[in-house]
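Quick note on labels: first sequence line is chain A, next is B, and so on, each numbered from 1.
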There are 2 protein chains.
Amino acid sequence: MSFTESEENYIKSIYHLQQQGEVVSTNDLASELQTKPASVTDMLKKLKAKKLLNYERYKGFSLSDEGTRVALGIVRKHRLWEYFLVHELEFGWDEVHEIAEELEHISSPQLVEKLDNYLSHPKFDPHGDPIPDINGRMELRKQVNLIDLQLNCEAEVSAVGSQSTELLELLKHKNIGIGTVLAVLKKFTFDNSLEIKVRDFPPFSISQQLAQTLFLKPLYGATTVGSISK
Amino acid sequence: MSFTESEENYIKSIYHLQQQGEVVSTNDLASELQTKPASVTDMLKKLKAKKLLNYERYKGFSLSDEGTRVALGIVRKHRLWEYFLVHELEFGWDEVHEIAEELEHISSPQLVEKLDNYLSHPKFDPHGDPIPDINGRMELRKQVNLIDLQLNCEAEVSAVGSQSTELLELLKHKNIGIGTVLAVLKKFTFDNSLEIKVRDFPPFSISQQLAQTLFLKPLYGATTVGSISK
DNA sequence: ATTAATCTTTAGATTTGTCTAAATTTTATT
DNA sequence: AATAAAATTTAGACAAATCTAAAGATTAAT
């Protein structure tokens with residue numbers, strides 16, 4: 001079975017929102033896709049009819065197994081093309097997302113496999129996201145300690161190393177929590193403090209002790225700190 | 001200005017039909033695009049409104065300079081991708097057309113230039129068709145004797161060197177005629193015979209004497225091609 | 001537990017590209 | 001030149017994907 005570009009975009013967005021943890025809502029999906037909730041509802045019905053989605057009106061929705069399989073196929077194509085654009089064509093890693101959004105809809109399965117082979121089966125794309133194999137399997141993204149995070153690489157806080165009230169108080173004061181997206185701008189060797197930038201806030205600095213408690217994972221579609229997309 | 005995939009397909013088809021010499025008609029275009037004449041008329045009006053086409057109802061049409069420029073851009077992308085698919089991804093030259101039909105609609109101009117650079121500015125695609133440069137200029141294609149045809153380069157029989165019944169009998173037996181598309185798979189130096197492959201038939205071999213009577217031109221836009229700059 | 005606020009869906013319209021069937025224009029034939 | 005044939009265009013309809021506006025369902029708040 002084949003799908004329209006629009007259907008594929010919905011499937012991919014649902015997949016990504018599901019990965020981010022929360023239950024996906026019609027409104028979430030509408031804003032992710034830059035469209036209106038009414039349009040989303042229409043498409044949900046189509047995807048349900050094609051058995052890609054578990055959906056009941058007013059009750060929410062999630063990808064079916066088949067929908068997930070399709071989503072992983074699109075993600076595979078997107079990330080392989082990003083890898084090609086950066087490592088072969090010498091694009092910057094911040095320039096390739098939009099182009100890959102087009103390339104991911106090219107349908108030939110043979111093309112994907114030949115490309116994968118040509119690139120020697122890369123496991124991660126230029127943003128650090130894992131590339132699913134032909135069966136949809138991919139390596140888990142490992143959490144990285146903030147201390148070890150690459151400069152200017154956006155990542156999302158996924159765990160904290162302690163639950164102490166003192167730590168939580170400090171995190172709250174600095175507007176950092178699970179899901180916060182940030183990047184390291186500078187590392188100071190004098191005291192191992194870091195200058196970081198949290199989305200929608202001006203840069204500020206944090207201590208080595210604090211940094212050590214924060215674990216992060218790279219973001220899908222991460223960009224330079226200057227131009228926050230997604 | 002940008003164009004829909006459908007608009008681009010119309011522009012490209014008009015370009016190709018114009019290259020084949022005759023004046024292009026609504027019916028020709030409809031059958032080329034596997035659609036109906038009424039649909040063609042609708043699109044012609046759209047393309048005229050976008051100044052890509054000189055068109056007056058019932059009087060015929062032709063690409064404007066701007067339309068030609070756009071067509072050459074699409075042809076450039078198509079042929080560069082075909083080159084990539086065959087020479088980098090190791091597709092057979094007979095497998096790449098449909099895939100390139102999709103890839104030619106990817107919009108990024110930067111991608112085209114990086115790809116061209118990556119491939120070291122090839123002048124001809126795997127079928128022997130010339131690849132327009134960024135200004136729409138490309139090398140003229142001349143008729144080539146079958147003896148001189150490059151290996152694995154598809155070409156269309158455009159002339160035979162004799163009208164003898166003996167020759168025509170042989171050509172008929174081998175299913176070769178004007179317009180036949182074939183490629184040379186192998187050349188044998190022992191007797192200068194050639195192993196060739198005619199579309200839709202298994203490969204077979206022909207003698208030096210026969211090969212010498214056959215003149216071919218690479219597929220698609222036949223003879224002329226100027227440059228439309230600016 | 002009502003009411004208010006929010007979220008989701010329906011109803012009906014719009015745009016793009018297509019179609020069929022009928023009308024119009026051009027061209028070819030007698 | 002008149003008429004038949006062919007090519008082209010118009011008129012009206014449809015499917016896909018979207019929109020706005022309004023109605024329906026759920027959730028939150030008093």
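- Each of D:dT10, C:dT9, C:dT18 was ranked by its minimum atom distance to the side chain of A:P37; first place goes to C:dT9.
- Contact between the side-chain N/O atoms of B:K45 and the OP1/OP2 oxygens of D:dT10 is found at a separation under 4.0 Å.
- Taking the side chain of B:A38 as heavy atoms from C-beta on, and the options C:dC19, D:dT8, C:dA11, the nearest nucleotide is C:dC19.
- Defined by atom type and a distance below 3.5 Å, a donor-acceptor pair is missing between the side-chain atoms of A:D133 and A:H121.
- Residue A:Y55 is in sugar-phosphate contact alone, with no base atom involved, counting any heavy-atom pair closer than 4.0 Å across all strands shown.
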Please table the atom pairs, donor to acceptor, closer than 3.5 Å between any side-chain atom in residues 35-54 of chain B and protein atoms at least two apart or in another chain.
unit_1, atom_1, unit_2, atom_2, d
B:T41, OG1, B:P37, O, 3.3
B:K48, NZ, B:Y55, O, 2.7
B:K50, NZ, B:E7, OE1, 3.2
B:K50, NZ, B:E7, OE2, 3.1

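- Whole-Å rounding puts the A:R57 CZ to C:dT10 C1' distance at 10 Å.
- Between A:K36 atom NZ and C:dT14 atom P the separation is 17 Å, expressed in whole Å.
- At D:dA17, one or more side-chain N or O atoms of A:K46 fall inside 4.0 Å of OP1 or OP2 (strictly under the cut-off).
- Between the C1' atom of C:dG17 and the CD1 atom of B:I11 lies a distance of 15 Å, rounded to the nearest Å.
- When heavy atoms are screened at a 4.0 angstrom cut-off, B:T26 is found touching the sugar-phosphate backbone but no base atom.
- Separating the CD atom of B:E56 from the C1' atom of D:dT9 is a distance of 15 Å, rounded to the nearest angstrom.
- Along DNA chain D, the nucleotide closest to A:D42 and the one closest to B:D42 are compared, and the more 5′ of them pairs with B:D42.
- Among the atoms of the strands shown, only primed sugar atoms or phosphate atoms (P, OP1, OP2) are found under 4.0 Å from some heavy atom of B:Y10.
- At whole-Å resolution of the value, CG in A:L29 and P in D:dT18 are 11 Å apart.
- Between B:E102 and A:S107, the side chains place a donor N or O and an acceptor N or O closer than 3.5 Å (distance only, hydrogens not considered).
- Checking B:H16 against B:Q20 by side-chain atom types alone, no donor-acceptor pair falls below 3.5 Å.
- Heavy-atom distances to DNA chain D give each of A:Y58 and A:S6 a nearest nucleotide, and the one nearer the 5′ end belongs to A:S6.
- Partners of A:Y118 under the side-chain contact (heavy atoms from CB on, under 4.5 Å) rule, at least two apart in sequence or in another chain, are A:F84, A:E88, B:F84, B:E88, B:L89, B:Y118.
- The side chain of B:N27 contributes no N or O atom lying less than 4.0 Å from OP1 or OP2 of D:dA6.
- Between A:T4 and D:dA16 there is no side-chain polar atom (N or O) within less than 4.0 angstrom of OP1 or OP2.
- Going from atom CE of B:M43 over to atom C1' of C:dT16 covers 8 Å, rounded to whole Å.
- Between A:S39 and the phosphate of D:dC19, there is a side-chain N or O to OP1/OP2 separation shorter than 4.0 Å.
- The shortest distance between the side-chain N/O atoms of A:T41 and the OP1/OP2 oxygens of C:dT10 is not below 4.0 Å.
- Taking atom CG of A:L33 as the reference point, atom P of D:dC19 lies 10 Å away to the nearest angstrom.
- Atom P of nucleotide D:dA16 and atom CG of A:L44 are separated by 16 Å, given to the nearest angstrom.
- Checked by atom type, the side-chain pair B:E101/B:H97 shows a donor-acceptor distance below 3.5 Å.
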